[in-house]
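I have a structure I would like to understand better, so I am pasting it below and will then ask my questions one at a time.
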Amino acid sequence: MKKPISRQQHGFTDYSYVPLVAAAPALVGFDDQPAAVALSRVLSGSILATSLLTRAEWGLAKVIPFKGHLMADTAVGLFALSAPWLLGFSGHAKARNTFLVAGVFGIMAGLLSKPEEVPSAS
């Protein structure tokens, strides 16, 4: 399968995802769900951290291989899909649906990005 998302486009999606997920409780309206609010912060923080540490044009410390970053995105996406039931907020439609969308987005970003590492500078 041809993967349509370049490494550069993936970086743009990551840095767009971070503030949207962090602001989701207020934007979507589930500030009254402590577990969902905490998870929003954890997800956005973890995506920010892995983005800053990824060996890519947009990484700051360039420690994590891009393929590892993609695997982490996929794993975080799977966790986000299951989180409403694991953390007990599946009955709150706005919170649940936000994490279902975030999960699908993370899985798509992980699976549809070209796993091309940054060429070495030697």
Side-chain angles (χ1 to χ4, degrees):
M1 175 175 100
K2 186 170 162 93
K3 299 188 178 207
I5 303 171
S6 71
R7 190 177 53 246
Q8 295 84 359
Q9 290 167 328
H10 186 100
F12 177 78
T13 63
D14 274 359
Y15 286 115
S16 300
Y17 178 96
V18 169
L20 286 173
V21 172
L27 290 174
V28 179
F30 58 89
D31 321 58
D32 60 337
Q33 298 294 309
V37 170
L39 183 58
S40 293
R41 304 305 187 261
V42 168
L43 285 182
S44 62
S46 68
I47 296 299
L48 178 60
T50 58
S51 294
L52 291 170
L53 295 173
T54 297
R55 273 187 276 185
E57 297 81 356
W58 34 268
L60 185 63
K62 300 181 188 325
V63 176
I64 301 169
F66 186 57
K67 290 177 185 176
H69 177 103
L70 296 178
M71 288 189 292
D73 280 353
T74 303
V76 168
L78 289 169
F79 177 71
L81 283 177
S82 61
W85 291 271
L86 293 173
L87 301 178
F89 59 88
S90 63
H92 192 284
K94 290 180 180 181
R96 178 192 64 233
N97 294 343
T98 298
F99 286 97
L100 293 178
V101 169
V104 168
F105 184 82
I107 292 168
M108 287 175 49
L111 295 179
L112 296 178
S113 294
K114 297 172 188 166
E116 300 168 344
E117 297 293 342
V118 173
S120 72
S122 44

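Start at 1 with the first residue, then count along the sequence.
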Checklist outcome for this item: So OH of Tyr15 and NE2 of His10: to nearest 0.5 Å the spacing works out to 10.0 Å

Next on the checklist: If the condition is ring-ring contact (aromatic ring centres under 6.0 Å, His included), which residues does Trp85 pass it with, not counting sequence neighbours?
Outcome noted: none

Item to check | Spatial distance of atom CG (Leu87) from atom OG (Ser82) [nearest 0.5 Å] | outcome: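 Taking CG in Leu87 and OG in Ser82, the distance rounds to 8.0 Å.
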
Checklist entry - Is Leu70 reachable from Val18 through a run of hydrophobic residues whose side-chain heavy atoms are each under 4.5 Å from the next? => result yes

Checklist entry - For the hydrophobic clusters of this structure (ILVMFWY residues joined by side-chain heavy atoms under 4.5 Å, transitively), does one cluster hold both Leu43 and Phe105? => result yes

Checklist entry - How long is the gap from CD1 on Ile47 to OG1 on Thr13, to the nearest 0.5 Å? => result 9.0 Å

Item to check | Single-linkage hydrophobic cluster, 4.5 Å side-chain cutoff, Leu48 and Val21 together | outcome: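 Both belong to a single hydrophobic cluster.
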
Next on the checklist: Show the nearest heavy-atom pair for residues Asp14 and Asp73, with the distance to one decimal.
Outcome noted: OD1-OD2, 3.8 Å

Next on the checklist: Among residues at least two apart in sequence or on other chains, which ones pass ring-ring contact (aromatic ring centres under 6.0 Å, His included) with Phe79?
Outcome noted: none

Checklist entry - Are Leu100 and Leu112 connected, step by step, through hydrophobic side chains (Ile, Leu, Val, Met, Phe, Trp, Tyr) whose heavy atoms are closer than 4.5 Å? => result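 Linked, Leu100 and Leu112 end up in one cluster.
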
Checklist entry - Do side-chain atoms of Arg7 reach the backbone of Glu116 as a donor and acceptor pair under 3.5 angstrom? => result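 Indeed, once roles are kept as given, a pair shorter than 3.5 Å links the two residues.
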
Checklist entry - Atom CD in Gln8, atom OG in Ser113: separation rounded to 0.5 Å? => result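 Rounded to the nearest 0.5 Å, the CD-OG separation comes to 10.5 Å.
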
Checklist entry - Minimum heavy-atom separation for Pro4 to Gln9, with atom names? => result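 Taking every non-hydrogen atom into account, O-OE1, 3.4 Å.
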
Next on the checklist: So which atom in Lys114 and which in Ser6 form the shortest heavy-atom distance, rounded to 0.1 Å?
Outcome noted: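 Shortest heavy-atom separation between Lys114 and Ser6 comes out as CD-CA, 4.4 Å.
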
Checklist entry - Can you find a heavy atom in the side chain of Leu53 that is under 4.5 Å from one in the side chain of Leu60? => result no

Checklist entry - Is Leu86 reachable from Phe89 through a run of I, L, V, M, F, W or Y residues, each pair having side-chain heavy atoms under 4.5 Å apart? => result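 Same cluster: Phe89 reaches Leu86 through Ile, Leu, Val, Met, Phe, Trp or Tyr contacts under 4.5 Å.
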
Checklist entry - Is the number of heavy atoms from other residues, nucleotides or ligands under 6.0 Å of Lys62 NZ greater than 12? => result yes

Item to check | Straight-line distance of Thr50 OG1 to Met71 CE, nearest 0.5 Å | outcome: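 Rounded to the nearest 0.5 Å, the OG1-CE separation comes to 12.0 Å.
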
Checklist entry - Aromatic rings Trp58 and His69: how do their planes relate, parallel, tilted or perpendicular, breaks at 30° and 60°? => result perpendicular

Checklist outcome for this item: Heavy atoms of Asp32 and His92 approach each other most closely as OD1-NE2, 3.6 Å

Checklist entry - What distance separates Leu111 CG from Ile5 CD1, expressed to the nearest 0.5 Å? => result 9.5 Å

Checklist entry - Taking it one step at a time, do Arg55 and Glu117 satisfy salt bridge (charged side-chain N to carboxylate O under 4.0 Å, His left out)? => result CA-CA 7 Å; Arg55 273 187 276 185; Glu117 297 293 342; 5.3 Å; no

Item to check | Considering all heavy atoms, the nearest Tyr17-Ala102 contact | outcome: OH-CB, 3.8 Å

Item to check | Where Ala36 and Phe99 come nearest, the two heavy atoms and their spacing | outcome: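 Nearest pair, atom of Ala36 first, then Phe99: O-CZ, 3.4 Å.
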
